[in-house]
Every structure is written in structure tokens, then in C-alpha cells.
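Structure first, commentary second.
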Protein chains: 2
Amino acid sequence: MRLSKTSEYALRIFSFMINDDKQVFSAKYLVNNLNIPEKYLRNLLTKLTKFNLIKSIKGRDGGFVFAKNADKITLADIVDAVEGMDKYEKCILGFDYCDEERPCALHHRWHPLKQQILDFLNNTTVADLKDKEGNLRF
Amino acid sequence: MRLSKTSEYALRIFSFMINDDKQVFSAKYLVNNLNIPEKYLRNLLTKLTKFNLIKSIKGRDGGFVFAKNADKITLADIVDAVEGMDKYEKCILGFDYCDEERPCALHHRWHPLKQQILDFLNNTTVADLKDKEGNLRF
DNA sequence: TTTAATTTCTATTTTGAAGTGGAATTTTGT
DNA sequence: ACAAAATTCCACTTCAAAATAGAAATTAAA
């Protein structure tokens, strides 16, 4: 699979946050811990805020926190916010009309696999990213 | 999934060729039947020729034919030629080191699914794109 | 041998994602 | 009130994919 780089970044933000003890994550702290260009990360955080996935706390000692419980934020929510999920739902050959009745040449083979991918993105939550074994690296 | 647009184009070329009775496919004929910008398609055909997936026949009444038997051309071969397969093999969070011993937070959940996708691309051939039921559209 | 139908080559333009820069705004601790 | 620490906003640059342009080269039919 190929998520956009921005989606990768966004997922890494959540993955880091859920596995760190901090309560509030300043942009600076995230910059220091994730390997993402500073300005780009700041813009991305603002974007995620607008989509109500994280909440910003302004001013001194401010930062970002989850906007809702981690088990209510799915990977699809995150991908949808930063690049849109539509790309992942479309026909693999790029046809507009591809479905069971008018399938493209790959539809029958690809569709079940695509469905698994979508289920994965829709059903996996940020809570699931929590490290159980203590061997993750960032 | 999200193949690059160029990969979509390339797959559509093969999908069309395997389902059409013609022996030799001129660029013009392909332009008329596939919905791909003319110049871009021509360049792409040249590229696929260089990767030995199709063969070009120059001159009058020339065109393109499969360079080998359709069941010897996999989807992965095609994707690899036009955009490279590496993107699809990498860690979903974009880490360099992600494996069983040093997994990212998604590795255990994502890896089996990624493997299925790679198997799909590696094991599906152009011959498999041949329409059995006569209900495909291009 | 001419000519028409092709592919091939080299270069440029456009577009959108990714990345950068700097000033403005908000809030809190002192 | 002030200053520090933070987010936010607007504009710009860079890079690679996608798309376009035109001339050159090749071949076979007539």
C-alpha cells in the first residue's frame, strides 16, 4: 500500500501520542521526537485540529491533546482528514463505473482484498496502536 | 489501494490488449479505445517497451505486441516498470527499520494484509485479466 | 523510390503534494 | 501589565508526477 507521506506523518503523530505518557503534546515536543519537518508538522497539527481529531490548547504550556477517546479515532478518520479516503475506495484501474454488474477486468479478484484494506482502516483505532510489549521505536 | 495514475494506465493497456482480438495494437488504436491522453500514452508505451513487457513494431502498420506470453507478465512487473514496487513493500508508517524484531505500532496488524496485496500483484498475470463472461467494458 | 503510417527522442509546461518563511494571534505564568 | 510560549495564518518555494509539444527516425506498402 501506499499512503501519502502526509498520512504517514499523521499516523505517526497519533502512534507516538498514544504511546507516550505526556498529557499535552506541544508542537516542539513532537518535532523533537518524530522525524517530520517542523513547519510541515505544525501545519499538519492545525489541519488535524480542524478535523476535530486533536484539540489545541493555546498559549503558554499549551499543545495538543486527543479531541476524543483514542478508541473513537480510526485510521480511516485520520487518512480521510489529510488526503481523503476516496482514492482507496475507487476502482484499481481507475474506472468510474466499476462494480459487480459492470466490473473491470480486475474487479472480482481485487474487490475482496480492497474490502479487507478498508475494513482495516475503518476498524483499527488509535487505541489499537498502543504498545503492549514495550518494544516499539519512534 | 492507490496505484499511481500511470500504473492504472499501464494496467488498462494490458487489460485492453488481452481482451481484444487484434494482433498488433497501434498507439492510435489504443488512444481511441483507452481514455488516456495521447502523448502520455505514447510515452508510456515506449517505457513499457524498454522494460521488455511489450515489443514495438516500427514503421507502417506497426504497433505493439506482448513481449512474452501473457501468463508470464504479472501486475507487479507492470507496476514495477512504471513506478517501482518499493513503495508497496515499505512500512506503512514510513519507518526504515520496521520488521518483526523492531515493529512499528501497526506492523503486526498490517503485515499480513500487505503480504496479501503483494501476493496479489505478484501472482496475478495479464492472462488472468482475460474476460471469461463477456461483460467487461473499457 | 516515394509516401504514409508508425514509433522514438528531447524538451517543456502544468499540477498537486511536500516543504519553508515570517508575522500575527492567543493564552498563561510571573 | 508584561513577556514567554505556544498555536494560527498567509504566502511562497521546491519537487516529482502528469501532461504536452514538435521534430526525428524507422519501416513497409504502393
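Reminder, nothing fancy here: chain letters follow the sequence lines and each chain counts from 1.
- Straight-line distance from the CD atom of Glu8(B) to the C1' atom of dA19(D): 15 Å, rounded to whole Å.
- The nearest whole Å value for the distance from the CG atom in Leu41(B) to the P atom in dA17(D) is 19 Å.
- Spacing between atom NZ of Lys28(B) and atom P of dT8(C) amounts to 16 Å, rounded to whole angstrom units.
- In the set dA4(C), dT7(D), dT8(C), the nucleotide with an atom closest to the side chain of Thr49(B) is dT8(C).
- What separates CD1 of Ile36(B) from P of dA17(D) is a distance of 18 Å, to the nearest Å.
- At least one side-chain heavy atom of Glu83(A) sits less than 4.5 Å from a side-chain heavy atom of Val79(A).
- Taking atom CZ of Phe25(A) as the reference point, atom P of dT7(D) lies 13 Å away to the nearest angstrom.
- Counting only distance, with no hydrogens or angles, the side chain of Asp80(B) and the backbone of Met85(B) share a donor-acceptor pair below 3.5 Å.
- Between the CD1 atom of Ile57(A) and the P atom of dT27(C) there is a distance of 12 Å, rounded to whole Å.
- Contact annotation: Arg42(A) reaches the phosphate of dT7(D) (side-chain N/O to OP1 or OP2, under 4.0 Å).
- Spacing between atom CG of Asn35(A) and atom P of dG19(C) amounts to 11 Å, rounded to whole angstrom units.
- Between Tyr88(A) and Leu3(A) there is a side-chain heavy-atom pair separated by less than 4.5 Å.
- Within 4.0 Å of Lys47(B), counting heavy atoms only, lies no atom of the nucleic acid at all.
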I'd like a table of atom pairs between the protein and nucleotides 20-25 of chain C - only N or O on both sides, under 3.5 Å - with the distance next to each one.
residue, atom, partner, partner atom, Å
dT20(C), O4, Asn43(A), ND2, 3.1
dG22(C), N7, Lys39(A), NZ, 3.0
dG22(C), O6, Lys39(A), NZ, 2.4

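- Using a 4.0 Å heavy-atom criterion, one finds that Tyr9(A) contacts the sugar-phosphate atoms exclusively.
- Taking only side-chain atoms of Arg60(A), from C-beta outward, the nucleotide of dT8(D), dT28(C), dT7(C) with the closest atom is dT28(C).
- A side-chain N or O of Thr74(B) and one of Asp77(B) form a donor-acceptor pair less than 3.5 Å apart.
- Residue Ser56(B) has no polar side-chain atom (N or O) positioned under 4.0 Å from OP1 or OP2 of dT6(C).
- The environment of Lys68(A) atom NZ is dense: over 12 non-hydrogen atoms of other residues, nucleotides or ligands sit within 6.0 angstrom.
- Cluster membership check: Ile57(B) does not share its hydrophobic cluster with Val31(B), using side-chain heavy-atom separations under 4.5 Å among Ile, Leu, Val, Met, Phe, Trp and Tyr.
- Thr124(A) approaches Arg109(B) most closely through the heavy-atom pair CG2-CD, 4.2 Å.
- Comparing dA18(D), dT7(D), dT8(D) by their closest approach to the side chain of Lys5(B) singles out dA18(D).
- Here Lys55(B) lies out of heavy-atom contact (under 4.0 Å) with every strand.
- In this structure, Phe25(B) and Tyr29(B) have tilted ring planes: the angle between them lies in the 30° to 60° band.
- Between Asp61(A) and Lys87(A), the residue anchored nearer the 5' end of DNA chain C, judged by the nucleotide with its closest heavy atom, is Lys87(A).
- Going from atom CZ of Phe64(A) over to atom C1' of dT27(C) covers 14 Å, rounded to whole Å.
- Taking the nucleotide of DNA chain C with the nearest heavy atom to each of Gly59(A) and Thr6(A), the more 5' of the two is matched to Thr6(A).
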